[in-house]
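See structure below.
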There are 2 protein chains.
Amino acid sequence: MPQLLREAGLRVTPQRALLLEILRDSEGHLDADEIYRRARHRHPRISLSTVYRTLSQLKDQGLVRELHFDEDHHHYELCDTGECKHYHLYCVDCGAVVEFESPLVSELTRQLAREYNFEIVDCRVTVSGHCSACRAKQRACEGESQ
Amino acid sequence: MPQLLREAGLRVTPQRALLLEILRDSEGHLDADEIYRRARHRHPRISLSTVYRTLSQLKDQGLVRELHFDEDHHHYELCDTGECKHYHLYCVDCGAVVEFESPLVSELTRQLAREYNFEIVDCRVTVSGHCSACRAKQRACEGESQ
DNA sequence: TTCATTGCAAACAGTTTGCACCTTC
DNA sequence: GAAGGTGCAAACTGTTTGCAATGAA
């Protein structure tokens, strides 16, 4: 983690290294508050401003991206390194997020770049709906009430 | 517009009809403030709360969707009616938004629904990058400075 | 020793809410 | 006439900023 920071031209501080580790070790998609909560376990005096400031710097350096699901705050995850990009399935009932990959998306971006003469920087695909667990639960409830 | 409101179970008020018209007549992707500004031309006493309240009700009724580009506020557009769904190309330089359609996206959602046993409600694809106008401008500047 | 980074408190922007009055049905 | 909608002002939430103290290089 420290070398990632150095490469990004940022000073290595315990706070920054810790936040990067939390992002790396998480299942992804944490929001600022959850990151803050986890950070305080190991560094009780860290402040929420540092969390926001660091996330924003990491975003500027292309290490982190900010996700918008249908909620009123952001989620953050480490950017994909290498070829393999991932996208998100979001359950509107329980809030669960599942990552997926698909060659269709890179095919799409290739087409768009050509057709619109766009230089593509990022592509986000968020598919929302009812996940299989919530659908099962829903069916169970319906069965009960009838 | 009034019948759209009635069908959604909402009372028909001049404010609501006006806001729906603004959304229909716009090129899409307006933010709350721009909608408010346009609404005041024809209905000077309308309030920003009414704009937010109405947008949120239209969203609940599935008539409007809230878009998150990489900005700190939302944009709104009328939902697609019928089969043809559209998605967005977003220019990170000038903020321009271009809509596109692609059969690849419906193929993708079909695959995902099957593979993850998801009941899909909505799919958002936002491709961001540098649009052709901004790329041209950028190249012109580079040419100048050398 | 220098300058970036931090924690704290205060500010901010976008959005939501409580309430008295008004409008639709 | 009852239920619901509106405008206004005040509240709220997530995020950002100013500043004095601290810590990395």
Quiz item: cation-pi between A/Arg38 and A/Tyr36, 6.0 Å / 45°: no

Under-4.0 Å side-chain N/O to phosphate OP1/OP2 contact, B/Thr50 with D/dG7: yes

Bounds of contact between DNA chain C and chain B, in 5' to 3' order, using a heavy-atom cut-off under 4.0 Å: C/dG14 to C/dC25

Touch class at under 4.0 angstrom, heavy-atom based, for A/Asp33 against every strand present: nothing

Test side-chain contact (heavy atoms from CB on, under 4.5 Å) applied to A/Ser132 - qualifying residues, sequence neighbours left out: B/Asn117

Verdict with reasoning, B/Leu55 to B/Leu23, per side chain to side chain contact (heavy atoms under 4.5 Å, CB included): CA-CA 10 Å; B/Leu55 287 170; B/Leu23 287 168; 4.1 Å; yes

Summary of protein contacts for nucleotides 18-25 of chain D, nucleotide by nucleotide, where a base hit scores B, a sugar-phosphate-only hit scores S (4.0 Å, heavy atoms): B----BBS

A/His74: partners by side-chain contact (heavy atoms from CB on, under 4.5 Å), with sequence neighbours left out: A/Glu66, A/His68, A/Tyr76

Phosphate contact (D/dG4 OP1 or OP2) by B/Gln57 side-chain N/O below 4.0 Å: no

Angle of first-five versus last-five pair axes in the helix from C/dT1-D/dA25 to C/dC25-D/dG1, to 10 degrees: 40°

Distance in angstrom units between A/Lys59 NZ and D/dT16 C1', rounded: 12 Å

Table please: side-chain donor-acceptor pairs of residues 2-12 of chain B below 3.5 Å, with sequence neighbours left out.
none

Main-chain N/O of B/His86 paired with B/Asp80 side-chain donor or acceptor, under 3.5 Å: yes

